[in-house]
Amino acid sequence: MKVIKFGGTSVGSAENIKRIEEIVRSQSSDLIVVVSAVGGVTDRLVAASKAGANGKEVNPFLEEIWSRHLDIMSALFDETTLEEVKIKMKSIFDELEKILQGVRLIGELTPKTLDKVMGFGERLSSLFISQFLHAELIDSASLIRTDSNHGRANVDFKVTYEQISQACSGLKRVAVAPGFISSASDGTVTTLGRGGSDYTAALFAAALDAEKLEIWTDVDGFMTADPRVISKAYTIPQLTYSEALELSHFGAKVIYPPTILPVYKKSIPVQILNTMNPSAKGTLIGNAERQGTEQPIKGISSIDGISLVTVQGLGMVGVTGIAMRLFGALAKEEINVILISQASSENSISFAIDSAKGKIAEAAIQQEFDREISSGLINKVNSEEDLCIVAIVGENMKHSAGIAGKLFNTIGKNGINVVAIAQGASEQNISWVVKKSDLRKTLNVVHESFFLSPFIELNIFLVGIGTVGKDLITQISQQQQKLQKEHRLKLRICGIANSRKMIFNREGFDLSAITSILSGEGVEKSDMTCFCSQMIGMNMFNSVFVDCTAEKKVADHYHTILNNYISIVAANKVAASSDYLAYRELKELAAKHGVKYLFETNVGAGLPLISTINDLMRSGDRIVRIEAVLSGTLNYIFNTLSSEIPLSKAIRMSKEKGFSEPDPRIDLSGVDVIRKLVILGRESGYKLSQEDVGQKRFIPDSYFNSTLEDFWNNIHEMDAKFEAERLILEKERKKWRFVGLMEEGRASVSLQAVGPGHPFYDLEGSNNIILLTTERYNESPMLIKGYGAGAAVTAAGVFADLIKVANI
Ligand code: ADP
Ligand code: ASP
Ligand code: MG
């Protein structure tokens, strides 16, 4: 004998009921089929009752409920049978209508009446489904005996088991029983609590010593997290009874918590299966033998709509009986306490309850501790709302050290504030309270760090889609599949902005169409403050802000961004090269919050200059001297100069090739090299600012004080002078190099002529070169050389920083 239960979705359409028929037909054992109400009907019955009690019309609800059933039945039965079934259904329905009209007339809804009304969902569904399956109909309500605690009645197991086994002894192969409904000893209808059809099925299974209980629902089984929130959640193949109980108690709705006890006592295995996907293996709950390889955490679940009440006072320390009185007062009001946390100093007790009961709880405590409160032994009772509880569950936790450490480290790094923590001594469960606004993020980070999620996600917010930004998008979309396959890394762009428009998408944009996304629907006017507040408001885990602009007004937001636990990857050099104290603060803020602030491309585009300096420093080396050609643009210009290509043309060519800054004078003035040198100096541990760098310009100041347009119009005036000097250099077999030098914290930039044999002499095109003299690399400096400018290499450098943020 098997008991199989079908939930609301499974009986919610003719198509699904036909699936049920197939499932039933494929079983070889005798069956009791327990059914829920048609999906959504119980909610409508509650709504109808409440409307009636408020004097509102109940007919629209009745019509809706009837037509739901009629639609399904019309698709299941032929015309003649339909008429017969309709008559039987109508007689039950008339009873419902009378009660609801009565509620409306009296204007009152007692818990007893509400139970009666709610029970009609299962009465109706079981009737027509039993007809469809040609099965006998069992009257569960009369067999399951409870007390009169309406809304969630307590079962009298002894009477119930006796009644069930007696009534079911002579059953034919398949019988159908309504879930959820029961009755008190005086015959009044009671219910087992919302979701209670699972419980009904467990009671039948236990009473009849069934070989198995199957719960057929709309998901593939108990999953590592609620699949509606975590799309990467996957089915857990096996759970022990207590793991299933803990998970369901903390909100995993897939099974109603009281269901576990009856089957656990009789060691009846429970299988969760999917009506919509019957071939999936589902989850087996039972006394399964443990396998050593199992993960310590089996699943995560959560409950929202929670208030945390704290009772605090020095007068509580060492006084016995406080907890007893506190929880006694709550029990009197029938308030269910979901989590308790007490500090060992005993001067406060916090507990979590359903927010709806918050006011009643406060009043009950005030009353109970009236004397202590007025004498100041207990401070005022304080309650915090809009919270939720998250729990991780797994019996293997007790065999693994460091779970709590890892858990709260991960949560903290993502900027999630933990309001309270509780761990049962059984070590099967760690539960904690967070703000409702942090729930989704919490579930995501915990799921990602504890489960072998198929991939790690990095949620990118990209500002600036000029040449570098565009190239970055292309590179991400080209590499995406490989990264996902080989490194389990999924890069998603969830926010994007240029100087005019911005747009966001929590699920990530389709990268193939991303450049056109800002001309499509849903775009907003771009504004950096708005961009940042929306990004922060989305509160997504593993977020990274990517700045591919050269704007101060973007860099001004870094502080806020890091403060909100979002990493930054910047191609923009403004922040790292401007005010020294602000730079230090950003670095410290990132370290404090456990996020990254990376700007490798600020110097030498994709060349690993900053990371090499960082590695040397971390390993105890000291940077003594840096000599470098750091302007790919200037190097390109000086390498391009020839008798055919004068200075003005070379500058123009560097702009066209995307080497120079939008205003090439930033390169020509040496400012760009100064900024880069300052960054390298700072990363080498020196307190260096742009004003400290000595420089001599090679183009007169007047070119820098006029407008950009004037500059382009007049720069050709310098061509002759440069050509004359170039000819002299050519004779001396020398080349121009714009060199940055930093020695023990003193820095300068200048145009130098270098001869063959100098390491800078053969530096081609737009390449950069850096000579690092350190305490270890002393006699022969370390040399790094390669492309130092261009959108593609810069984008590749930004990409490399992104990979560092992901930490793969
Ligand atoms: P039924 O009507 O079949 O009883 P329920 O709606 O009561 O189904 O329960 C199934 C739902 O539980 C799923 O659709 C899913 O959204 C939700 N759920 C929450 N947590 C979990 C979890 N950990 N695993 C599977 N489902 C979950
Ligand atoms: N129909 C009831 C409810 O919606 C019981 C159940 O489906 O398990 O709560
Ligand atoms: Mg359910």
Side-chain angles (χ1 to χ4, degrees), residues 4-13 16 19-20 34-47 65 68 114-115 117-126 140-141 144 151-153 177-182 189-203 213-237 239 243-259 270 272-277 280 282-283 285 297-304 390-394 439 443 446-447 451:
I4 66 176
K5 178 256 170 180
F6 292 94
T9 316
S10 307
V11 300
S13 68
N16 289 347
R19 289 198 170 108
I20 293 181
V34 176
V35 291
S36 283
V38 167
V41 164
T42 315
D43 286 340
R44 299 316 284 155
L45 288 167
V46 174
I65 293 169
R68 273 295 303 274
L114 182 60
D115 258 0
V117 175
M118 280 200 295
F120 275 89
E122 271 71 7
R123 286 176 66 189
L124 290 166
S125 66
S126 58
S140 318
I144 299 177
R152 192 180 167 138
F180 188 48
I181 40 178
S182 44
V189 173
T190 55
T191 61
L192 299 174
R194 293 304 306 270
S197 296
D198 299 334
Y199 193 17
T200 308
L203 293 170
L213 166 63
E214 290 178 1
I215 307 270
W216 289 80
T217 180
D218 57 359
V219 276
D220 278 353
F222 241 110
M223 308 189 72
T224 48
D226 187 343
R228 284 169 301 188
V229 186
I230 308 288
S231 54
K232 290 178 289 179
Y234 55 88
T235 314
I236 309 167
L239 284 173
E243 284 169 338
L245 182 63
E246 295 271 2
L247 280 171
S248 59
H249 177 69
F250 280 95
K253 195 188 161 201
V254 66
I255 201 165
Y256 181 53
T259 310
V270 183
I272 315 284
L273 292 155
N274 189 352
T275 311
M276 272 47 81
N277 182 18
T283 302
I285 303 168
I297 309 296
K298 287 286 188 66
I300 316 169
S301 50
S302 64
I303 316 176
D304 61 8
V390 186
I392 52 172
V393 170
L439 177 61
L443 292 173
V446 176
H447 195 269
F451 296 96

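Atoms within each ligand, like the ligands themselves, are counted from 1 in listed order. The figures that follow rest on heavy atoms only: side chains count, while hydrogens, waters and symmetry mates do not.
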- Query: Are side-chain heavy atoms of P237 and T283 found at a separation under 4.5 Å?
  - Reply: no
- Query: Is T42 close to R194 at the side-chain level, that is, under 4.5 Å between some pair of heavy atoms?
  - Reply: yes
Are there any N/O pairs under 3.5 Å between ligand 2 and the protein, and if so, what are their distances?
unit_1, atom_1, unit_2, atom_2, d
ligand 2, 1 (N), T42, OG1, 2.8
ligand 2, 1 (N), E122, OE2, 2.7
ligand 2, 4 (O), T42, OG1, 3.3
ligand 2, 4 (O), R194, NH2, 2.9
ligand 2, 7 (O), S36, OG, 3.0
ligand 2, 8 (O), G195, O, 3.3
ligand 2, 8 (O), G196, N, 3.4
ligand 2, 8 (O), S197, N, 3.1
ligand 2, 8 (O), S197, OG, 3.2
ligand 2, 9 (O), R194, NE, 2.6
ligand 2, 9 (O), R194, NH2, 3.4
ligand 2, 9 (O), G195, N, 2.8

- Name of the residue among I236, N274, L273 meeting side-chain contact (heavy atoms from CB on, under 4.5 Å) with D220: N274
- In chain-and-number order, ligand 1 lies under 4.0 Å from a heavy atom of each of K5, G7, G8, T217, D218, V219, G221, F222, M223, A225, D226, P227, R228, A252, K253, V254
- Note on the structure: One should read off an interatomic distance between N277 CG and W216 CH2, to the nearest 0.5 angstrom, of 9.5 Å
- Test item: K5 and E214 side chains (from C-beta on) under 4.5 Å apart, heavy atoms: no
- Where the side chain of D198 meets the backbone of Y256, is there a donor-acceptor pair that is under 3.5 Å apart? yes
- Please confirm whether the backbone N or O of Y234 pairs with a side-chain atom of T224, one donor and one acceptor, at under 3.5 Å? yes
- Message: So V446 and V390, do their side chains get closer than 4.5 Å, heavy atoms only?
- Response: no
- Task: Starting at OG of S301, measure out to CG of D226 and round the result to the nearest 0.5 Å.
- Result: 9.5 Å
